[in-house]
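Structure first, commentary second.
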Amino acid sequence: MNQAIVEIRDLSLGFSRKKVIDGLSVSFAKGEWAVIAGRNGVGKSTFLRCLAGVLLPDSGQVICSQEAPANKTGFISDALSLFEDWTVERAIAFHCRVFAIGEFDDRLLKRLGLSQKDRIRKLSAGERAILHLSLVLSQKPSLLLVDEVMHMLDPYIRELFIETLIEHLAASQATVLTVNHTFSEIEKIPERVLVMDDGKFVIDQTSEALRGQMKKVVVPGSLPATLPCFFSKTEGIYKEYYIYPFREELRAEHALDFQDIALAEIIKAFIGGGYEQKRMA
Amino acid sequence: MNRKEWLEVSKQSLYFVLATAGMVLLMALLNLMQGKPQFAGETIIIILGFWLLMFSMFLGLSPFAMDSKQKGMEYLLTLPISRRRLLFIKLLPRLAIVVLFYLAFALIYGFMGSDAFGGGFTAFSLAYFALFLISFSLSLVHENFIVQSIWAGIALCGYMVLCLFTCALGLAWKFGMPSSWLGPRPWLDLNYDVSSLLTAIAVFLLMAAPFVISFFLAFKKFDLKPAQAFNRRQLMLFIPLLLLAIAASLGVTYIVQKSSAYDERHYYILENGQLLGTGWLGKLTLHSENRQRRIDTKQSFIWNWHDFRSPGKLFLTAYDVQDNSMVVIRLNLDDLAWDTVRRIPHNYLANNAFSAFRQFGQNLVFLQRSREEAEKAGRQPAVPLKNVRLDLVVIDMKSEKSKILSYHVPPFPIRYGPVIFAHDEIDGRQFWLVGNQRANIIRLWEDGQVEDLGFSHKVPAYFGHLLFSHSGKSLVIRRLLANGSETVKEIDGEFQFGGFFQSRMDNGNAREIYGKRDKRIVRLDLDTLTMDDVGPDRGQIFFIPPGDFFYSEYEAWPPGHGKPDKWRKIYRLQDDKMVFLKQLNFRGPYFGHVWIDKSGITLLENGRTRLFAFPDLRELKFKNLN
């Protein structure tokens, strides 16, 4: 693994008496694209906000390497927070001044036909997301934190958004951490998947390893009890079983069709399993 | 980031200036519509002062309000700016504007020569800056700006109360006096007492510090968590800091405050060249040229002004804080032995303790309520609210014997209790006049008869056997008859004269009185009842019974707007003339207190006391006086 660009040690954070992140330790390497998934309210956005410095931990540390100082960390939050009374032009000028940016790349804005005179409060969510992305990328960030914004974007802007991120990643070796619920467009991109539950990462694996470790079995009845079934659901007369952790030996032991599944479905299974465990508890 | 804040604050300031100008113009317009082309400077000062206080609170509360309102708070916290720098960036432009506006206001205040805040410009200044600092430290207390403002108001009230309380407590601790008696006094004398000013500034800073420091420390960990989390952190820091600040304020008050300003010391020049000083609590000092003798009565006495002198002894009155009563004390000047001649429970007095006693000749007189009235639960020693029995008690200080005359008197207004203000006799029958402003004047005859002499809008007076009351439009001068009175003259307009608050009532033979009318000093001849102009009013008139008038001219007039005097000139007012007696130069840059009584002049200058005795006003020197 490459050198860590950010290391999180024993991070804890709560709101009032509720602990949202609980003793979490993890690190991210330079040039890595990691996706963080999980049920609603498990602390994904809170975790990103901690990395961005918007929330400060109750205990633990966020250690950024010298390559990712504060002005080289870009954060696009799901709130798309900017000063709403400002015009696009003023926001760009302010951002460039504060981050000491020499030249602002406005190609994305031009592609959407955004006027610099527009007030930010008048922009659509997609336009705001693109403006945010332009601002953040103009910092040439080494660490880019993108909260769940993609679901707000129309297909055209979503594609534009992802393409731009990929281009940036290719050009700059930046580390990208995204929080996502929708994976269809980025199915093949993330190298690492982290699934969060109750303030901790319950899964932290490369995408490849994860694909290899989760398989789906569709049968009309029930499965032998020896199979490690993580989550199941009923589809008509059939039942879908998600086997995790899967081992190749299982194919020889059971005459079943162990199907490869897409990352989006793997994540969905993990999230569904999480809800089921919570319900059982 | 700096530019953003400066722009924001400049915009807010511009709106404020425009709003203020609009208010002033509106007031001017209203004045014009009411046919008053002159626009009172004091009105402008009051409007400006009020708006400035509001604005300082607004500026203090606003640093994050706009960011929050524009939903830019999260973005703000992602900027590569440390929390400390962020706070300074927010604070500096606001502080600069607050200072700038304050200086502009001070200029306007000085230019207009206003007395709008009762001379309390320093107190206004402290409140102004305190409001800003406290508001700033509460700028994150709640997401809602209105709730923030309410909290700031509550905090400012608490802050003011704490400042007054600790200051009073510090003084009480130093001088052994009850702090309840001090109240807001330390803050009232800021303009002329340097130690009070220093104490006030120190206490103001010390008590504001917990707000500001706890905010700065808590802000190091400021983030997007709900306001309660920040408040909890700030409160945990604030409480110990506040306790420290209270302790430090007590210490500073104890060290910085000079005794002379607050130990309630008064001096009486005695005929034998001695000087009697009264001090807190129950302490007396008898000064002769080279000797000083101290008497500690070990009682909780707050001395009053009255004194009756007879060879070898002196009578003083005092309020006994301990058992809430008035006492008459006999002091033997040879061996300094003292004893209590009379003790009257406070609830028995018909008026408050310090205007209850009056003197005529060698007699002390006061109004006392019946036992039934006095001992009614919850009744304050003040006003008879209905037609009740009042006893007039006359004590002959020579024989120390007293007589009690009982009357049934009509009600007095709640705020203005019955005060005895005159004694005289007609056809060998003695009477006393009782009254107050906005009350009827009552004549109490020695044979028990009660006579209502009508209403007076202002405090009445009695000089040269003439009764002076005010009809609301004019001064009414009446000669009292054996039954009723006859009006001898009415003079339109205002006429202010002393006498009512004098404890001595031996002014029946006065031939002239001096007072103030339309910013002039005028003389009223009591034989012809003609009024003559004496000169411009630039000071204070002192009336010394039975008929002496003195005038203290101020260098700076009107007083109390921060411009200090360097001298006062003392004149005797006599036969329509102002006869110059002495100029009292002040060494310090602060106001001096001048007090004139029948023995001479007492000058309190920067905490030092100087005395000048009549008739030649030579300065009296006493060892260890200061």
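All chains are named by letter (A, B, ...) in the order of the sequence lines, taking the proteins before the strands, and each is independently numbered beginning at 1.
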Chain B interface, residue from A:Ile120, A:Leu82, A:Asn71 that has the most non-hydrogen pairs under 4.5 Å
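Most heavy-atom pairs within the cutoff with chain B belong to A:Leu82.
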
With a 4.5 Å cut-off on heavy-atom pairs, point out which of A:Leu56, A:Thr46, A:Leu13 contacts chain B the most.
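Top count of heavy-atom pairs under 4.5 Å with chain B: A:Leu56.
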
What is the distance from atom CH2 of A:Trp86 to atom NZ of B:Lys4, rounded to the nearest 0.5 Å?
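That separation rounds to 5.5 Å.
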
In residues 79-92 of chain B, which residues are in contact with chain A at a heavy-atom separation under 4.5 Å?
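Result: B:Leu79, B:Pro80, B:Ile81, B:Arg83.
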
Toward chain A: residues of residues 220-244 of chain B with heavy atoms under 4.5 Å:
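So far as heavy atoms go, B:Lys220, B:Lys221, B:Phe222, B:Asp223, B:Leu224, B:Lys225, B:Pro226 are the residues that approach chain A to under 4.5 Å.
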
Examine whether an atom of B:Met73 lies under 4.5 Å from a heavy atom of chain A, and if so say whether it belongs to the side chain, the backbone or both; otherwise answer neither.
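Looking at B:Met73, just its backbone touches chain A.
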
Checking A:Arg90 against chain B: side chain, backbone, both or neither under 4.5 Å from a heavy atom?
side chain

Select one option (side chain, backbone, both, neither) describing which atoms of A:Phe83 are under 4.5 Å from chain B's heavy atoms.
both

Pairing residues for A:Val136 by the side-chain contact (heavy atoms from CB on, under 4.5 Å) criterion, not counting sequence neighbours
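Residues passing side-chain contact (heavy atoms from CB on, under 4.5 Å) with A:Val136: A:Ile76, A:Gln139, A:Pro141, A:Leu144.
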
Set of side chain to side chain donor-acceptor pair (under 3.5 Å) partners for A:Ser77, sequence neighbours left out:
B:Glu74

Classify the ring geometry of A:Phe94 against B:Tyr75: parallel below 30°, tilted from 30° to 60°, perpendicular beyond 60°.
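Taking B:Tyr75 first and then A:Phe94, their aromatic rings sit tilted (interplane angle of 30° to 60°).
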
Surrounding [atom1] of [X] (heavy atoms of other residues, nucleotides or ligands, distance under 6.0 Å), is the total greater than 12?
X        : atom1 : result
B:Trp151 : CH2   : no
B:Ile146 : CD1   : no
A:Phe15  : CZ    : yes

Can you check whether B:Lys71's main-chain N or O pairs, donor with acceptor, with A:Glu84's side chain at less than 3.5 Å?
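Here the side-chain-to-backbone pair does not exist.
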
